[in-house]
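Residue numbers start at 1 and run along the sequence shown.
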Amino acid sequence: MSGFLAGLCVAALPLLAAGFWLGRRTARTQAPGGLGSPVEHATFQTLHTASLAAPPLRAGLTEETARKSARRLRTLLGTDALCLTDDTGVLAWDGVGGHHRAEVLDRLTGPLETGRGEAFPLACDEPDCPLRWAVVAPLTVDDRVHGALVTCAPRESAVLVRAAAEVARWVSVQLELADLDRSRTRLIEAEIKALRAQISPHFIFNSLAVIASFVRTDPERARELLLEFADFTRYSFRRHGDFTTLADELHAIDHYLALVRARFGDRLSVTLQIAPEVLPVTLPYLCLQPLVENAVKHGLEGKAGTCRISITAQDAGAEALVVIEDDGAGMDPELLRRILAGEVSPSGGIGLSNVDDRLRQVYGDDHGLVIETAVGAGMKVTARLPKYQPGVHSAGRLAQE
């Protein structure tokens, strides 16, 4: 999170330079609305325009995103024409002089290879065309040139060269943030795949064995359990989005517990207290089921009597408070700390550390799992889920997929 904020601070610095450039262009204009001096008003307009240009760029450099941001960027620089290119061609041209595309493309080879900006005169036979000069500023991400920002003006200007370079730097930061977003998405997808692989093979084999045991003695019961197993595995291995709703996650947990009860019978006692108002809350997919599986494993492990598990979900203002508690064997707190830190692998493949990592990635470090445990004292796991979080949207109920 601190790195992200640092990135935003770096991104803002070029805009102030562009604001100064725009301020100089408008210094003789009276600032409307009592917003201060003309330069202050121009700086405000610069930041506002940049805030409108940033969202498309955060999706990467494509024809669509270039088209949506080019006009804002041209306004930012106050030039007659501006174009955005990738490393192969022009993605978008905004303003006059579109007939200069081929000439601009011919001059891109050097800047795209060296990563250095360049200014050059434009050759034009059309008397009504105001463009006589162009400035190329490369767009780089991780020291690799992805494209260029090209501004065109009626005359040569050293200030425009510097302003174009600063705006290109800001665009490059937005593209780098887009690349980080894609990397984050790939990381989450990889962790979900890893979590799917951690679903205990023993659970699958035992579930099928239990179902098989009912085939002759109670065919209807075997059919019901087979449907429960099918629904649970379909949810666990679905491919629709990174997030789900609390209602869908609890529904999958219910299928899981039905299979566990079929095996252990009265040895497992589960209590649920769910506030209806938190059911639509969005959370990372396969976030609670591993916690329940962990409670079942540690609740029944090395214990002859009944294992009691409670699952509660309460409304806590801006958050949903989910608590999963068992009265089982518990765990050494130091061992738990090492598991969450990734220093040792958890026994049985239960994804406590996976869930903790994903919650921190999505909501921040303040929303990691809170686990209370001791040897012989059971375990209590608390997850705080914000009701609203930018970028966190459910893919919809499973039945609609």
Side-chain angles (χ1 to χ4, degrees), residues 195 198-200 203 244-247 249-254 256-257 260-261 264 266-279 281 283-387:
L195 188 58
Q198 288 179 341
I199 294 176
S200 174
F203 165 73
T244 186
T245 63
L246 182 58
E249 190 82 355
L250 290 173
H251 195 55
I253 289 172
D254 186 55
Y256 167 78
L257 290 174
V260 175
R261 289 192 190 96
F264 292 101
D266 294 337
R267 286 192 58 201
L268 181 65
S269 174
V270 181
T271 303
L272 286 89
Q273 289 183 310
I274 310 297
E277 56 267 29
V278 301
L279 290 176
V281 171
L283 70 159
Y285 166 66
L286 275 182
C287 183
L288 299 183
Q289 188 277 332
L291 305 182
V292 175
E293 186 174 349
N294 183 79
V296 170
K297 177 181 181 296
H298 290 281
L300 292 169
E301 190 176 65
K303 185 177 181 180
T306 301
C307 166
R308 293 178 175 83
I309 297 175
S310 67
I311 304 172
T312 63
Q314 302 174 344
D315 188 350
E319 299 176 333
L321 194 66
V322 180
V323 179
I324 298 171
E325 188 172 5
D326 68 77
D327 62 352
M331 182 182 293
D332 177 16
E334 177 60 22
L335 175 60
L336 176 63
R337 184 198 66 77
R338 296 177 64 193
I339 289 175
L340 293 178
E343 298 174 5
V344 296
S345 298
S347 61
I350 306 303
L352 274 180
S353 60
N354 183 295
V355 173
D356 182 64
D357 287 343
R358 286 195 291 138
L359 286 176
R360 293 176 186 273
Q361 289 171 7
V362 173
Y363 301 120
D365 286 337
D366 291 341
H367 289 85
L369 294 177
V370 177
I371 304 177
E372 304 169 54
T373 188
V375 177
M379 183 176 290
K380 179 180 180 181
V381 182
T382 302
R384 293 167 39 238
L385 308 173
K387 291 180 179 178

Let me check something: any side-chain donor-acceptor pairs from residues 371-382 under 3.5 Å, sequence neighbours excluded? List them with distances.
residue : atom : partner : partner atom : Å
Thr373  : OG1  : Met331  : N            : 3.0
Thr373  : OG1  : Gly378  : O            : 2.8

In a table with atom names and distances, give each donor-acceptor pair under 3.5 Å that connects a side chain of residues 308-323 to protein atoms at least two apart or in another chain.
residue : atom : partner : partner atom : Å
Asp315  : OD1  : Gly317  : N            : 3.2
Asp315  : OD1  : Lys387  : NZ           : 2.6
Asp315  : OD2  : Lys387  : NZ           : 3.2
Glu319  : OE1  : Arg384  : NE           : 3.2
Glu319  : OE2  : His367  : NE2          : 2.9
Glu319  : OE2  : Arg384  : NH2          : 3.0

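Listed by chain and residue number, nothing satisfies the salt bridge (charged side-chain N to carboxylate O under 4.0 Å, His left out) test with Glu325 (two or more places apart in sequence, or in another chain).
To the nearest 0.5 angstrom, His298 atom NE2 is 13.5 Å from Asp327 atom CG. Remark: Leu359 CG to Leu385 CG distance equals 6.5 Å, nearest 0.5 Å. To the nearest 0.5 Å, the span separating SG on Cys307 from CG on Asp326 amounts to 6.0 Å. With rounding to the nearest 0.5 Å, the separation of CG in Leu246 from CD1 in Ile274 is 6.5 Å. Rounded to the nearest 0.5 angstrom, Tyr363 OH and Leu283 CG are separated by 5.5 Å. Note that the CG atom of Leu369 and the CG atom of Leu291 stand 5.5 Å from one another [nearest 0.5 Å].
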Could you walk me through whether Val270 and Val296 satisfy the side chain to side chain contact (heavy atoms under 4.5 Å, CB included) test, starting with their C-alpha distance in whole Å, then the side-chain angles of each, then the deciding distance to 0.1 Å, before giving a yes or no?
CA-CA 10 Å; Val270 181; Val296 170; over 6 Å; no
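Looking at every heavy atom in both residues, Pro386 comes nearest to Val281 through O-CG1, 4.0 Å. Taking both residues in full, the closest heavy atoms of Tyr285 and Glu249 are given as C-OE1, 4.4 Å, listed atom of the first, atom of the second, then distance.
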